[in-house]
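Beneath this line is the structure, given in structure tokens, with notes to follow.
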Number of protein chains: 2
Amino acid sequence: MPSNIMQQISADLESLNRSERKVAEVILADPQAATRSSIAVLARAAQVSEPTVNRFCKRFNTAGFPDFKLHLAQALAHGVPYVSRSVEPDDDSESYTNKIIDATIAALVTTKKTVDPQMINLAVDQLIQAKQIMFFGLGASWPVAQDAQHKFFRFNIPVVAYDDVLMQRMTAAASSTGDVIVIISYTGRTRELVDVAELARASGATVVGITAPNSPLAQHCSIVVEVDAPEDTDVYMPMTSRIMHLTVIDILATGVTLRRGPDFLKHLKNIKDSLKETRYPAK
Amino acid sequence: MPSNIMQQISADLESLNRSERKVAEVILADPQAATRSSIAVLARAAQVSEPTVNRFCKRFNTAGFPDFKLHLAQALAHGVPYVSRSVEPDDDSESYTNKIIDATIAALVTTKKTVDPQMINLAVDQLIQAKQIMFFGLGASWPVAQDAQHKFFRFNIPVVAYDDVLMQRMTAAASSTGDVIVIISYTGRTRELVDVAELARASGATVVGITAPNSPLAQHCSIVVEVDAPEDTDVYMPMTSRIMHLTVIDILATGVTLRRGPDFLKHLKNIKDSLKETRYPAK
DNA sequence: AATGGTTTGTAAAAAACTTACTAATTAAAA
DNA sequence: TTTTAATTAGTAAGTTTTTTACAAACCATT
């Protein structure tokens, strides 16, 4: 079963023969309409016979036309485009706005497939009983580390976050059993962070990596929450990776909260309420 | 046309008569299977006649059974649950992992609908010609402000980010025409930030708000990129809002990059390449 | 130009869906 | 409790849609 039938169609466009390509083009031109058409209408639009449309459907591993429409409808759902195409120089603001949001959604869908709940569980096991937690990140991952600190300080565990490589090294070297160091890195190839991971493990600390699978960093961690890094082909800034990492932080924080049990929820509410004073009341 | 047919079905369950409820229950029990069944199979499963299933479909504003299946398929697409239910105390790691990712996706879909590309455009207009840019955020929004700084420093414009209220006040007061201050706030009700916005505008700076529509902060900004803040009903801290804000930052950064034109991409590539030294090469 | 393979369409069959009508059930009133 | 009206459910026939089988046309190759 193809994960996204629209991608398949555009990818296989060249390998199709004349009539089937006509069908493909009609569908690609207005996929929404295709989901609402009968095989007869579609065949007429593509100027081919009905069986041709049927054969076309089967070529894409669907049971037949109705099943094909179902797949198509799924691919189009949510208004998420079949290929989150990259931003192009002459896009207007509406166009690039939508493309970026779509790309982010696509990244999250990928994350959902790749993140291993088992690893989340192991990471939570460690975090819940940590004497102290440290979040390390550099560059674009530094705000992520800070965000994590902002979340975890609520758990009444000592939490720090460092973006300073020297501080990271020193803390890693000074750490001991019971300390948990969470290292966030998009590529998992930053030398400094790999060193820090090694140092920390040598000192007995548990090292949790939120990073790319099979990367050098991943190999030096006690627990790895794998976040697959799609090539950022586009404009040269990391975009979606931070968001995937932040989502992992959310998941870990939730995991810890749940383990803490219902009494702990009251504590969180108190923290939240403490901000009331600083705000204009809602109308 | 119902926005989400699964929600509709569970909501209207009580108002259905006996046979139709049987149909509803069969569908609710395994919606995926329903999309693959013919009307005959479904009728048999629900122990009712085929026309009953057909009537059931029409009750939900669909043209008939095939159309109903289409709607169903859309609602089930991406594996995003029909109601992104909130995390519950006895969820296991797989369950809460998926729920959180789904909620994040849902938030982005909302963002896509609410963000006004026109406002993005106006904000980019200002950013592109800024003498200086300042990003302000407090609490959970502070990492977002930092992330923004990390993106915008690449544009060769002086950029700062402050989470210190006093620094924010002073900078706002000292600002002048040509300066752009971007204030990030989830609620738009933080007194300090509203004050800062007022101060900055009095000094002649342009104030861009990334915040809730119609909030006190929004009223004091020159340009508002509205990010609707869904009630975070849960006790579990603000989650999705940061991600929505970060996505807006991505969009703004992309907008600026596009305006800078193709030559500028080379400059961005240089910045990226400058990191090569610090990394282990990809295998 | 002939041949083999592929592609495409025609027509018939099968499946699926819808409609109109009737029977059964239920609820309310006498 | 019986009658009546209204609702609900099913039967059967009709219609549409989809699929299959087969034959014609096309294309590339020799």
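Owing to the predicted nature of the structure, the values given are computational and were not obtained by experimental measurement. In what follows, chains are A, B, ... by sequence order, proteins preceding strands, each numbered from 1.
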Practice prompt. Report which part of the nucleic acid B:Lys58 touches: base, sugar-phosphate, or nothing (heavy-atom distance under 4.0 Å, all strands).
Written response: sugar-phosphate
Discussion item. Heavy atoms only, 4.0 Å cut-off, all strands: where does A:Arg18 land among base, sugar-phosphate and nothing?
Written reply: sugar-phosphate
Worksheet item: Closer than 4.0 Å, any side-chain N/O of B:Ser19 to the OP1 or OP2 of D:dA9?
Response: yes
Of the nucleotides [options], which has the atom closest to the [X] side chain?
X	options	value
A:Thr52	D:dG10, C:dT8, D:dT18	C:dT8
B:Glu50	C:dG9, C:dT18, D:dG10	C:dT18
A:Ser38	C:dT18, D:dT18, C:dT10	D:dT18

Quickly work out the [X] [atom1] to [N] [atom2] distance and round it to whole Å.
X	N	atom1	atom2	answer
A:Phe56	C:dG9	CZ	C1'	18 Å
B:Ile39	D:dT18	CD1	P	14 Å
B:Glu20	C:dT26	CD	P	16 Å
B:Asn54	C:dC17	CG	P	9 Å
B:Asn17	C:dA24	CG	P	19 Å
A:Arg55	D:dT20	CZ	P	11 Å
B:Asp67	D:dT17	CG	C1'	15 Å
B:Leu16	D:dT8	CG	C1'	13 Å

Item to complete: Determine the interplanar angle of the B:Phe68 and B:Phe60 rings, folded into 0 to 90°, and report it as parallel if under 30°, tilted if 30 to 60°, perpendicular if over 60°.
Response: tilted
Response to the item:
Assign each of B:Pro51 and A:Ala63 the nucleotide of DNA chain D bearing its closest heavy atom; nearer the 5' end lies the nucleotide of B:Pro51
Fill in: 5' priority, DNA chain C, between A:Arg59 and B:Ser37 [closest heavy atom]
A:Arg59
Fill in: Side-chain donor-acceptor pair present, B:Arg259, B:Asn121, cut-off under 3.5 Å
yes
Item to complete: Compute whether any side-chain donor of one residue and acceptor of the other, for B:Thr254 and B:Thr257, lie under 3.5 angstrom apart.
Response: no
Item to complete: Kindly indicate whether the side chain of B:Asp102, heavy atoms from C-beta on, has any atom under 4.5 Å from the side chain of A:Lys112.
Response: yes
Worksheet item: Run the salt bridge (charged side-chain N to carboxylate O under 4.0 Å, His left out) check on B:Lys151 and B:Asp250 step by step: do they pass?
Response: CA-CA 8 Å; B:Lys151 283 222 155 48; B:Asp250 286 348; 3.3 Å; yes
